[in-house]
Amino acid sequence: MIPTETISPGHPRTDPTSGPPIITAEDLRVAFGRYVALDGVTLKFGPGAHGLLGPNGAGKSTLVKVLLGLVRPDSGSGDVLGHSIHGRQTDLRHRVGYMPERDAHVPGMLVIDYVSMMGRLSGLAKRPAEARAHEVLTYVGLSGERYRTVDSLSAGNRQRAKLATALVHDPDLLLLDEPTNGMDPVGRREMLRLIVELRRVGISMLVSTHLLPDVQEVCDGVAIMAKGRVLRTGSVASLTANIDRNWKLQIVGDLGPFLAALGARGVKVAHDETQGSLTAQLPEHAEPRLFIEAAASAGVGLKEMRLGTRTLEEAFFEVIGEAPHAHS
Amino acid sequence: MPILEQVYRRLDHHEPASSWRAVWAIGDQCGAMALKGWFPKGWLAVSQIPGLVVAVIIYVMTRNESTVLEVVNGMARTGYQSFNDVPGETWYRVASNLVYAMITIVQGWFATVGTAIYGARQVADDLRTSAFEVYVARPIWSRDYVIGKLIAVVKPLLFILIVPTGFCLLAANLFVPASAGPCLKLYPILIAAGIAYATLNAIVILGISSLGKSSRYATITWFVLYFLTMAVSVILTQSTGDSVWEIVSYRANLQVILASFLRLNPFENLDLEFPSPDHSLASSALIIGCLAALSLFLVLRRVRSGRLP
């Protein structure tokens, strides 16, 4: 049975800049011919789960590959788990689990062989690698598919198999490139639960995705990228905080006079007809008492009045400077 | 079982990255994948038939001492009357001739086709299907990948080359006990020759396989290399009347190298068609060595461009 409640993090979210940094990047630049994929990327992440957000072509996958040593930057430097991205790449890859965006498997190979082989490539002996492969496949929910070939799996199960290969050697850091790609809503929810669970047991991770709800549900920190640049970094909480003085209001009575009263006091209002609520933005230097005065003058009752928050999506579009509908 | 009831377990300690474990993992898994399907397995099975047939022929011949002596005297141009008259060196030469003929002529053809079956897909398919990405994220070096792939190709080729040949040699030694002692040293030589033959073929096919993104392309290129060089060699030899042109042939050069392994001297009493007196082990080794070095360069360059350190 698959629970349907909202995913909640297993522990209080950490400040992404606290603790010794596990990922640092300093002025990274990568160009493929005339196309600049990364343009002076600088960021720092501490332990925990971090999201790399951005539209397609933002440079997220390139940054992940640079951090793993798969793409050599033209300039700049970086460290992952204390290993320089310009240093011995095998030392770094030994401690990192990578889940690529693209399907990467040997056609015709059984799932169990595939995962076990990845364990052996990471230093495990044959028998322990096989035992570990069974263990992680059970963990990701693929125990019933162990003896099928990887290419015969559904898209969602292939994602799980990729996660199993990233986990088989028990890495300290997971680099997840679009982990919920191609998954149905149920599969996506399961994948996010696994990620939350992994963070709970102390595995740090960097989740590259264009799906904002994924990041909001599982990550502590986030870096928003567009056109090869990091536009903003910070905790998810700080990005979704109510910095615009938004309030959620619900009234009992006639809406028209109340809207007119708010308008007369310089309040910007958005009406959500499905929720039956109003989102009102206080003018600068105004006090929330203004809503009570407006309700009294309009002859309506104020049923609810609370500080609203922005969704990560709203914050994201604000940062990249585009309206949400442009990307919907 | 619902996945949410599973708990992730962290490992007590982390094994350090190990090149040898990675090499054997690639060798094991890619070798198993190369044998997948009825044709690769069938080819391996069919390749064992000549060994059985020759062993039966040896058994039938050795039932009659004079028949064997007739063969020995014919090859060594001697006139021995019984097995006890034949010196150990002659038994060795006759047996090494048998091994040479089996490994280069009979099993050699099976190995040539087997090289394409088991080797052409190795690097080409990884590149075509993006399977290569599964390796690059792991703590392995490009040399680990190449050696692992070599093992994957060499294993079935060794089975093709060594098992039937060794079986025939064993049969000859069992049915003619007098030959057993002098021929003991042939067993390690046979294994070394088989490894050399299989490894050279494997290196060349991996180099070819890394050139394109299709195993079909690699298969065709392999056969073109093999048969075109043979044909050119024959044409040049026939037209000039100079057998030095056999050096153009990949197969002929391999045979010269293997003959040196088996300590054959075809100009002393043994009636062998190869190697020719006009080119030496050194020149053949140079040519095959250059081809192998070029192939290694090609495959390593391709693998490193895919970001394996």
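Residue numbering restarts at 1 for every chain, and letters A, B, ... go by the order of the sequence lines.
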Region of A:L68 that comes under 4.5 Å of a non-hydrogen atom in chain B: side chain
For chain B, the option from A:R95, A:K162, A:E135 that forms the most heavy-atom pairs under 4.5 Å: A:E135
For B:V136 against A:R93, the heavy-atom pair lying closest together: O-NH1, 2.6 Å
Chain A contacts, top residue of B:C30, B:A25, B:A22, B:G37 (heavy-atom pairs, under 4.5 Å): B:A25
Toward chain A, the part of B:W20 with a non-hydrogen atom under 4.5 Å: neither
For the student: nearest non-hydrogen atoms of A:L121 and B:I26, plus distance: CD2-CG1, 3.6 Å
Under 4.5 Å from a heavy atom of chain A, the part of B:D28 involved: side chain
Where B:Y8 and A:L167 come nearest, the two heavy atoms and their spacing: OH-O, 3.5 Å
Residue pair B:R138 / A:V168: nearest heavy atoms and the distance that separates them: NH1-CG1, 4.2 Å
Gap separating the CZ atom of B:R21 from the OG atom of A:S122, nearest 0.5 angstrom: 11.5 Å
Top contributor to chain B contacts, counting heavy-atom pairs under 4.5 Å, from A:M117, A:M118, A:R102: A:M118
Side-chain heavy atoms of B:R9 within contact of A:V136, under 4.5 Å: no
Contact class of A:I203 relative to chain B, heavy atoms under 4.5 angstrom: both
Chain B contact via A:A129 - side chain, backbone, both or neither, heavy atoms under 4.5 Å: neither
Side chain to side chain contact (heavy atoms under 4.5 Å, CB included) between A:T149 and B:K36, intermediate numbers included: CA-CA 12 Å; A:T149 58; B:K36 211 164 182 184; 4.0 Å; yes
Heavy-atom pairs under 4.5 Å with chain B, option from A:G97, A:P107, A:G69 with the top count: A:P107
Any A:V106 side-chain heavy atom under 4.5 Å of B:Y135 side chain: yes
Interatomic spacing from CD1 in B:I140 to CZ in A:R120 - rounded to 0.5 Å: 12.5 Å
